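Contents: one structure, followed by commentary.
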Protein chains: 2
Amino acid sequence: MTDTAPRPTLEAVAARAGVSRATVSRVVNGGDGVRDILAERVRKAVDELGYVPNQAARSLVTRRHDAIAVVVAEPETRVFADPFFALQLRGISKELTAHDNQLVLLLTEGRDDHARVGRYLAGGHVDGALVFSLHLDDPLPELIQRAGVPTVFGGRPGWSGDRRDVVYVDSDNRGGARDAVRHLAGLGRTRIAHITGALDQTSAADRLDGYRDVMVDADPLLIAEADFTPAGGERAMRELLGRCPDVDAVFAANDLMASGALRVLRESGRRVPGDVAVIGFDDMRPVAEQTDPQLTTVRQDIEEMGRLMARLLLRGLDRGAPREGVGATPSSVVLPTTLVRRGSA
Amino acid sequence: MTDTAPRPTLEAVAARAGVSRATVSRVVNGGDGVRDILAERVRKAVDELGYVPNQAARSLVTRRHDAIAVVVAEPETRVFADPFFALQLRGISKELTAHDNQLVLLLTEGRDDHARVGRYLAGGHVDGALVFSLHLDDPLPELIQRAGVPTVFGGRPGWSGDRRDVVYVDSDNRGGARDAVRHLAGLGRTRIAHITGALDQTSAADRLDGYRDVMVDADPLLIAEADFTPAGGERAMRELLGRCPDVDAVFAANDLMASGALRVLRESGRRVPGDVAVIGFDDMRPVAEQTDPQLTTVRQDIEEMGRLMARLLLRGLDRGAPREGVGATPSSVVLPTTLVRRGSA
DNA sequence: ACGGCTCGCGAGAGCGCTCTCACCCCACGG
DNA sequence: CCGTGGGGTGAGAGCGCTCTCGCGAGCCGT
């Protein structure tokens with residue numbers, strides 16, 4: 001736990017290179033309009049002294065921070081139960097790093113945290129925000145929008161219908177669900193059930209819509225509402241079995257619930273996929289590949305979602321790749337999903 | 001994507017309250033030595049104007065940032081395969097938030113990233129660092145130590161033997177392993193095998209040591225080296241079955257491998273725990289509770305580890321709870337583990 | 001050959017804050 | 001009554017950087 005040594009300033013570098021501060025500054029920031037001879041001398045001085053620009057001083061005048069906040073609202077522990085979040089974060093990190101931006105992580109839990117986050121963002125400490133909010137009634141998105149910070153959302157926010165200036169990145173939950181159900185239908189299944197996720201989350205609602213797209217006038221008894229947890233999946237499967245013993249396929253809104261359903265089916269003596277075919281969603285490998293049989297599921301490219309969020313935000317900030325729709329307010333993106341066939345359907 | 005409005009400065013608040021900048025500053029930062037009348041007036045002006053201090057300007061003079069870097073070195077994707085990291089992060093976040101520090105996340109991948117991180121830390125943008133590094137030969141810890149930034153490590157770094165000024169937080173891998181193996185022995189098992197993790201990670205090495213503590217002069221054939229992955233666990237279990245068909249218990253260095261082992265055991269016709277008892281490590285719920293039978297495993301309080309790391313670091317920075325060993329260079333902490341009994345042993 | 005031009009560089013102001021220091025005013029002791 | 005002290009307050013100097021501006025030196029055109 002050593003103390004930091006006094007660091008060299010621009011001034012020091014200037015003195016050593018025999019030029020003015022302004023010139024050093026120019027070289028450090030791209031170096032246009034400086035003769036090569038001088039630029040070289042400055043660069044030499046810079047690394048002889050081990051000069052690193054003081055970001056605080058720089059921000060003070062530029063009003064830029066080259067930092068992006070990532071806000072994760074997780075009233076429940078759910079976000080942390082799966083690698084989802086970590087993967088998105090990784091995608092985000094890669095993209096930010098590529099553009100020399102820092103990632104400031106804001107994890108929230110409960111109401112007072114909302115206020116804190118709002119204050120932080122409004123405080124202008126970061127140039128933009130990437131926000132993950134799961135629930136329809138979450139006040140956070142509104143709060144952030146009001147803070148006036150450029151923002152991109154992860155997953156479609158519940159109220160995006162009213163406000164068209166909301167930018168988000170989502171995967172094609174509805175389309176993916178359709179693919180899953182169609183696949184089951186293609187297998188000749190006719191009594192296809194659906195175990196929903198927590199319906200106060202748009203992803204769950206969209207997946208349900210996708211199911212309905214294919215199962216027009218589906219028997220309502222074939223739809224069991226659950227909550228994305230394995231236990232919820234078990235409970236829902238039991239219900240389903242109780243009221244529709246003739247069910248021959250199940251599309252669960254995520255892999256965790258599918259794994260629960262699988263367990264219940266086995267208990268009840270059904271064979272998978274022989275008697276009942278099962279499809280999940282997410283392609284959470286540690287779960288999907290550990291079940292017996294392995295889970296057929298809908299994959300989304302989670303890391304890419306993260307990367308895209310960051311790219312969209314930076315682009316909106318007039319950073320990011322130049323000459324590529326610079327400055328144009330970016331619009332939302334919905335990423336495609338793919339069906340991964342394994343043993344369960 | 002609105003642009004940020006011009007924010008009020010200290011000056012503006014001072015003018016409105018009819019006092020000097022200095023007085024406003026005093027009030028904003030604790031407000032000692034200011035008459036209540038004035039302080040009140042200042043506070044009123046502050047929230048009428050919605051004043052938020054400019055952190056950059058403040059840092060420029062105080063040389064504090066109230067920001068901590070969290071560095072996650074993950075050459076492999078492993079860190080992201082389990083919720084481990086997310087939970088630690090959450091613990092860290094809670095503690096930092098409680099002390100008004102920001103969390104700057106640095107994810108690294110490969111050599112060039114190391115240089116980047118080194119530069120960033122040496123650049124004095126943060127007050128300290130929390131570092132997760134998995135592998136013995138990782139150059140990152142050295143690099144960081146050299147950057148002169150106060151640091152606390154997550155998990156015992158490989159070379160901590162030589163340098164006593166290294167502070168880390170780890171769980172009691174060795175003790176936990178001992179408990180697991182003793183439990184198996186207590187069940188009357190005598191041919192207890194061990195599937196190791198990647199032995200270039202201290203956690204794997206320590207768990208192996210714990211196994212050996214109990215199984216003094218264990219049959220070397222009972223030890224199969226693997227890599228913390230499910231596939232590795234399967235392979236190792238097959239080996240084990242091949243060379244020691246009489247094996248009656250397995251302690252796997254993590255849950256993922258245990259789940260792989262379980263699958264192989266089932267294939268081979270062994271019953272668990274009847275014929276072979278199995279214990280994992282980590283208590284990764286999504287895995288441990290999804291296996292059949294559910295996994296008996298060694299739990300570590302991951303979130304608490306994170307919280308502790310942050311607390312240790314802040315304390316070393318003379319922040320954190322006052323009157324509690326202030327300024328004393330903190331020393332490493334090893335957290336206890338507990339055995340969680342489920343179906344597999 | 002001369003006026004204008006561009007280009008490269010340095011001087012200097014100022015970003016918003018903290019913190020030292022000097023000042024003022026009032027209470028008190030001699 | 002004046003001197004002394006101390007607490008409350010304001011003036012002002014920076015923190016390290018960027019960026020505008022102006023100046024001098026070379027280049028072109030006519």
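As the structure is a prediction and not an experimental result, all values here were calculated from the model. Lettering follows sequence order; numbering is per chain, from 1.
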Please tell me if B:Arg26 has a side-chain N or O lying less than 4.0 Å from either OP1 or OP2 of C:dC19. no
Using whole Å, report how far CD of A:Gln55 lies from P of D:dC17. 10 Å
Are side-chain heavy atoms of B:Val71 and B:Leu130 found at a separation under 4.5 Å? no
For the side chain of B:Asn29, starting at C-beta, report the closest nucleotide among D:dG16, C:dT18, D:dG10. C:dT18
Report the distance from atom CG of A:Leu60 to atom P of C:dC15, rounded to the nearest whole Å. 9 Å
Interatomic distance where CG belongs to B:Asp36 and P belongs to D:dG7 [whole Å]: 16 Å
Between B:Asp32 (CG) and D:dT9 (C1'), how many Å, whole number? 15 Å
Electrostatic pair B:Arg307:B:Glu303 at N-O distance under 4.0 angstrom: yes
To 10°, what angle do the rotation axes through the five end pairs on each side of the helix from C:dA1-D:dT30 to C:dG30-D:dC1 form? 40°
Atom CD of A:Glu11 to atom C1' of C:dA11: distance rounded to whole Å? 12 Å
Select one nucleotide: of D:dG16, C:dC17, C:dC19, the one nearest the side-chain heavy atoms of B:Leu10. C:dC17
Just compare D:dG16, D:dC19, D:dG8 and give me whichever is closest to any side-chain atom of B:Arg35. D:dG8
Counting side-chain heavy atoms from C-beta on, which of C:dT18, C:dC9, D:dT18 comes nearest to B:Arg58? C:dT18
Verify the contact: side-chain N or O of A:Thr9 to OP1 or OP2 of D:dG16, cut-off strictly under 4.0 Å; return yes or no. no
Nearest-neighbour nucleotide for the A:Thr23 side chain, C:dG10, D:dG8, C:dG16 considered: C:dG10
Sugar-phosphate only, base, or nothing, as touched by A:Arg21 at under 4.0 Å among non-hydrogen atoms: base
A:Arg58 and A:Asn29: side chain donor to acceptor below 3.5 Å: yes
Counting side-chain heavy atoms from C-beta on, which of C:dG10, D:dT18, C:dT18 comes nearest to A:Ser25? D:dT18
Regarding the side chain of B:Val61, the nearest nucleotide among D:dT18, C:dC17, C:dC9 is C:dC17
If you count heavy atoms of other groups shown closer than 6.0 angstrom to CG of A:Asp47, is the number above 12? yes
In whole angstrom, what separates A:His125's NE2 from C:dC15's P? 20 Å
Quick one: does A:His114's side chain get under 4.5 Å of A:Leu140's, heavy atoms only? yes
When you compare the side chain of A:Ile68 with that of A:Val104, does any pair of heavy atoms fall below 4.5 Å? no
When the distance from CZ of A:Arg64 to C1' of C:dG16 is rounded to whole Å, what number comes out? 19 Å
Answer whether the closest heavy-atom distance between the side chains of B:Thr108 and B:Val72 falls below 4.5 Å. no
How many Å lie between CG on B:Asn54 and C1' on D:dC15, as a whole number? 13 Å
Nearest-nucleotide comparison on DNA chain C, the residue closer to the 5′ end among A:Arg63 and A:Leu38: A:Leu38
With a 3.5 Å distance limit and no angle check, can you tell me whether B:Thr151 reaches the backbone of B:Val149 through a side-chain donor-acceptor pair? yes
